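Here's the structure, in C-alpha cells; my notes come after.
These numbers come from the heavy atoms of this one structure, side chains and all, not from hydrogens, waters or symmetry mates. Protein chains get the first letters and strands the later ones, always in sequence-line order, with residue 1 at the start of each. Since we're looking at a predicted model, the values are computed, not measured.
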Number of protein chains: 2
Amino acid sequence: MTSQIRIDDLDREILNTLMNDARTPYAEMAKRFNVSPATVHVRVEKMRAAEIITGTEVIINPKLLGYDVCCFIGINLNAARDYHSALRKLNELDEVVEAYYTTGAYNIFVKLMCKSIEELQYVLIDKLQAIDEVQSTETLISLQNPINRNVKP
Amino acid sequence: MTSQIRIDDLDREILNTLMNDARTPYAEMAKRFNVSPATVHVRVEKMRAAEIITGTEVIINPKLLGYDVCCFIGINLNAARDYHSALRKLNELDEVVEAYYTTGAYNIFVKLMCKSIEELQYVLIDKLQAIDEVQSTETLISLQNPINRNVKP
DNA sequence: CATGAAAATGCGAAGGG
DNA sequence: CCCTTCGCATTTTCATG
C-alpha cells in the first residue's frame, strides 16, 4: 500500500480550496491562511509527491457536449472468473465512464453516458450485451443529478 | 435550456487536453496544435463563457485520505412526492457524494463514501434510514473502481 | 488569428526562527 | 524542521494590427 502521510489543517484547507478550483493562486491561499506563498507551494508539492493529489482537470458540462443520457447498468457475468476479460472489453467502450466491482446482485456495475436514448439502445444491445461474458444486464436511467461533489478532506 | 454552441476540432483538442490536466500551459497546447497561445486563451474563454467548462479541480486519491469504503445505495421513498425534502436531507450528509433521480426500482440512487465499514453501518442506520421519507434502501458495496474517466469531447 | 509587451503567477535557493 | 524572503523564469492576459 502507498505510504500514509501526515496531513495537517493547513494541508486540508489547501486541498479543500484546490478541490473547488485547481487554479487558485498560491498567493491568494497564502493570504487566506496566513502563511507565505512558498509554504503553500511546498505543501502542494508534498501532497503531489504523496499522491494525495494525482492531477488536475477541468469540470465540464456533459449536456452542452450533447451527452443527455446518463445511466447505471448492473451486469451479471456468465462466470465470476470472466471479470477481467469482461472489464477489458468494457474499457474499450467510450460510453462506459465508470466501472465498479461490486458485491451483491451484480458482478460489475457501470456508469454509462451517451448522446440520446437511441444511442443508449444501440450501445446496450450491440455493444454491451454483445460481450460474450455478459449474461444479463439491468438498467437504471438517471434523469437528474442533483448532488455531485467530492469527499471532505 | 442553455444555448448550444459550435465546437470545432481545435476546441475539442484543447478541451480534451484540459480534461487530463487543467494546468497545461497555453503555450504548450499552442505548439502542439499549431496556433498561438492567445488563440488557445480565446478558445478557453469562449468555452468558459458558454459554460462548457464550468471550473477546475484537483483529482485526489480518496483512499489516502482514509476513505476506504465506496458504495451505491438505492433508496425507496414512502411517497414519490417526498423527493425534494428527502434530497435536502441527503444533501446534508457529507458521506453522500452523488445523488441521482432515477426511473425504475428506486426513487433516488446515491453514491456514498466513508472511512470504514463501521462508519458505513452508522451512516446507513442512524443517518440515512433515520430520514423520515426513506422507506427502504438497498446497498451495493464497491470493492474496486477499475474504470473512472470522463466522456469524450 | 498573430504579435508582443505588461502583469501575474510559479518556482526554488538561501537563510532564520 | 518548517517557514519566510527574494529574485528569476514561466505563464497569462490584453491591446493592437
Looking only at side-chain N and O atoms, does [X] come under 4.0 Å of OP1 or OP2 in [N]?
X	N	result
Arg43(A)	dC3(D)	yes
Arg23(A)	dT12(D)	yes
His41(B)	dT12(D)	no

Below 4.0 angstrom, N of the basic side chain to O of the carboxylate: do Arg6(B) and Asp11(B) qualify?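 Result for this pair is no, no salt bridge flagged.
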
State the CG-CZ distance between Asn107(B) and Phe109(B), to the nearest 0.5 angstrom.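 Output value for this atom pair is 13.0 Å.
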
The side chain of Ser36(A) is closest to which nucleotide in this list: dT12(D), dT4(D), dT3(C)?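 So the side chain of Ser36(A) is nearest to dT4(D).
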
Can you identify which nucleotide, out of dT9(C), dT11(D), dC11(C), has its nearest atom closest to the Tyr26(A) side chain?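 For Tyr26(A), the side-chain atoms sit closest to dC11(C).
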
For Asp82(B), is there any backbone N or O sitting under 3.5 Å from a side-chain donor or acceptor partner on Ser85(B)?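 Present.
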
Indicate yes or no for a side-chain donor-acceptor contact from Arg149(B) to the backbone of Val96(A) under 3.5 Å, with no hydrogens or angles considered.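 The answer is yes, because a donor-acceptor pair under 3.5 Å joins these two groups.
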
Interatomic distance, [X] [atom1] vs [N] [atom2] [rounded to whole Å]:
X	N	atom1	atom2	answer
Glu45(B)	dT13(D)	CD	C1'	9 Å
Lys46(B)	dT13(D)	NZ	P	17 Å
Lys31(B)	dC1(C)	NZ	C1'	19 Å
Glu28(B)	dA9(D)	CD	P	20 Å
Arg6(A)	dC1(D)	CZ	P	14 Å
Ile7(A)	dC2(D)	CD1	P	13 Å

Nearest nucleotide by nearest heavy atom, which residue falls closer to the 5' end of DNA chain C, Ala27(A) or Asp8(B)?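 Upstream on the strand: Asp8(B).
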
By nearest nucleotide on DNA chain D, pick out whichever of Ala38(B) and Val35(A) is the more 5' one.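 Looking at the nearest nucleotide for each, Val35(A) comes out on the 5' side.
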
